[in-house]
Amino acid sequence: MNKDKIVPYTLIAPALLLLILYRFWPTVLGLHESLFTTSFAQGGKKIFIGPGNFIHLWNDPVFWSSVIATVLFNVIANPLQIFLAYILAALLNRKVKGINLFRGLFLIPVAISINVSSIIWKLMLDSGGLVNGILDRMGLAPQPFLLSVDQALWSVIWISSWIGVPFWSLFILAGFQSIPRQVYEAAAIDGVSSPQRTFRITLPLMKNSLAFVLIADTVANFLLFTPVLLLTGGGPELSTNVAMFEAYRRGMIYGDLGTASGIVMMLLCLIIIVVGLQSLLFREKK
């Protein structure tokens with residue numbers, strides 16, 4: 001084989017090996033685990049049941065409630081986070097005095113661990129926390145937030161957005177800065193209005209950046225786990241029991257690793273379908 005053809009494969013080999021080791025192989029193991037159940041009556045022996053775990057999940061209302069919570073979370077959180085990230089990136093892209101300080105302040109949530117952020121927000125949203133203290137000073141009634149069936153999921157969406165929006169804005173900012181300034185100057189000479197500039201120049205030229213953010217944000221939110229674990233534990237009344245937390249609950253709390261793996265496999269299929277549709281939406285037209 002030609003040396004020039006070998007070099008690219010040599011360069012990507014380490015990354016490909018890590019991808020297989022930490023992504024593909026665990027998926028294969030998860031699929032294998034989903035075909036078995038653990039018999040505690042036989043000392044924890046694994047018994048092959050084929051699609052039994054998937055049939056059980058198909059008829060399990062708790063599982064479907066976790067799927068509904070996951071889809072609802074994504075339907076609300078994904079557009080919200082991308083819209084806010086776009087607005088923030090547009091502000092960060094402006095050439096004004098002190099913009100570097102402004103960028104640093106908005107990147108603070110990215111620098112803080114998601115575990116620490118979740119715990120801080122849980123303390124702030126407590127009945128005697130900072131947020132209810134501010135509401136009280138304003139003459140408003142205190143809110144249950146994470147303790148309310150109606151407010152818990154919205155609170156988790158807000159906290160995950162506070163963490164995620166600055167992170168996604170970095171990629172959108174890169175998309176902004178990849179657009180040549182001459183394009184806008186030519187548009188200004190032609191008398192293109194600001195809304196037209198946004199929809200006919202900025203968004204089309206940022207298509208790849210926005211596609212990456214949409215797909216990555218979707219995958220991240222479908223696999224959301226840590227904020228739910230630390231903030232609500234899936235409650236109250238399973239209102240924030242998203243699919244990944246339900247898999248954790250089945251596997252780590254109840255010891256049903258087969259069903260937990262089945263949930264992860266079904267969630268993986270759902271992610272593939274959603275991401276596939278998004279990829280078709282952003283596919284380049286000839």
Side-chain angles (χ1 to χ4, degrees), residues 70-114 116-118 120-121 124-125 130-131 134-135 138 143 145 151 153-188 191-224 226-227 231 274-275 277-279 281-282:
T70 303
V71 172
L72 181 61
F73 183 95
N74 278 267
V75 168
I76 299 170
N78 292 355
L80 176 66
Q81 291 177 4
I82 293 171
F83 174 75
L84 293 178
Y86 181 88
I87 298 299
L88 178 58
L91 294 173
L92 295 174
N93 193 47
R94 291 186 175 274
K95 304 293 184 181
V96 295
K97 187 177 181 180
I99 188 62
N100 290 331
L101 176 62
F102 183 68
R103 290 172 178 171
L105 291 175
F106 272 90
L107 290 177
I108 288 175
V110 179
I112 299 175
S113 165
I114 189 173
V116 175
S117 297
S118 299
I120 291 174
W121 272 106
M124 290 174 62
L125 295 177
L130 176 63
V131 176
I134 294 173
L135 293 177
M138 296 172 62
Q143 299 298 316
F145 294 118
Q151 297 181 16
L153 186 63
W154 288 97
S155 299
V156 175
I157 289 172
W158 163 253
I159 294 168
S160 64
S161 298
W162 182 84
I163 297 169
V165 166
F167 179 72
W168 301 123
S169 69
L170 290 175
F171 299 96
I172 299 178
L173 177 61
F176 271 117
Q177 295 185 345
S178 67
I179 301 175
R181 187 64 56 182
Q182 295 87 339
V183 176
Y184 290 115
E185 293 173 355
V192 177
S193 65
S194 181
Q196 289 177 324
R197 191 163 62 242
T198 299
F199 289 101
R200 295 187 178 183
I201 298 175
T202 304
L203 292 178
L205 291 177
M206 290 179 58
K207 190 174 182 179
N208 291 334
S209 298
L210 291 173
F212 169 78
V213 170
L214 176 61
I215 292 172
D217 189 35
T218 299
V219 173
N221 285 332
F222 265 104
L223 299 177
L224 186 79
T226 302
L231 292 168
V274 173
V275 169
L277 292 174
Q278 292 175 341
S279 299
L281 178 65
F282 281 90

Rounded distance (nearest 0.5 Å) linking atom CZ of F212 with atom CG of D217: 10.5 Å

Taking every non-hydrogen atom, the tightest pair across P227 and S118: CA-OG, 3.7 Å

Mutual orientation of the aromatic rings belonging to Y86 and F176 [parallel < 30°, tilted 30-60°, perpendicular > 60°]: tilted

Spacing of I201 atom CD1 and L205 atom CG [to the nearest 0.5 Å]: 7.5 Å

Contact summary for S117 and W162, nearest pair of heavy atoms: OG-CZ3, 3.6 Å

Candidate list V274, T218, V213, test side-chain contact (heavy atoms from CB on, under 4.5 Å), partner N78, passing option: T218

Check: S169 side chain, P166 main-chain N or O, donor-acceptor pair, under 3.5 Å: yes

Exercise: identify the closest heavy-atom pair between S160 and Q81: OG-NE2, 3.6 Å

Among V71, T70, L72, side-chain contact (heavy atoms from CB on, under 4.5 Å) partner for N74: T70

Interatomic spacing from CG in L231 to CH2 in W121 - rounded to 0.5 Å: 10.5 Å

Whether W168 and F171 hold their rings parallel, tilted or perpendicular, with breakpoints at 30° and 60°: tilted

I159 side chain reached by L125 side chain, heavy atoms, under 4.5 Å: yes

Distance in Å, S209 OG paired with L170 CG, rounded so as to fall on 0.5 Å steps: 12.0 Å

Distance, nearest 0.5 Å, that separates CH2 of W158 from CG of L153: 15.0 Å

OG1-CD1 distance between T226 and I114, expressed to the nearest 0.5 angstrom: 5.0 Å

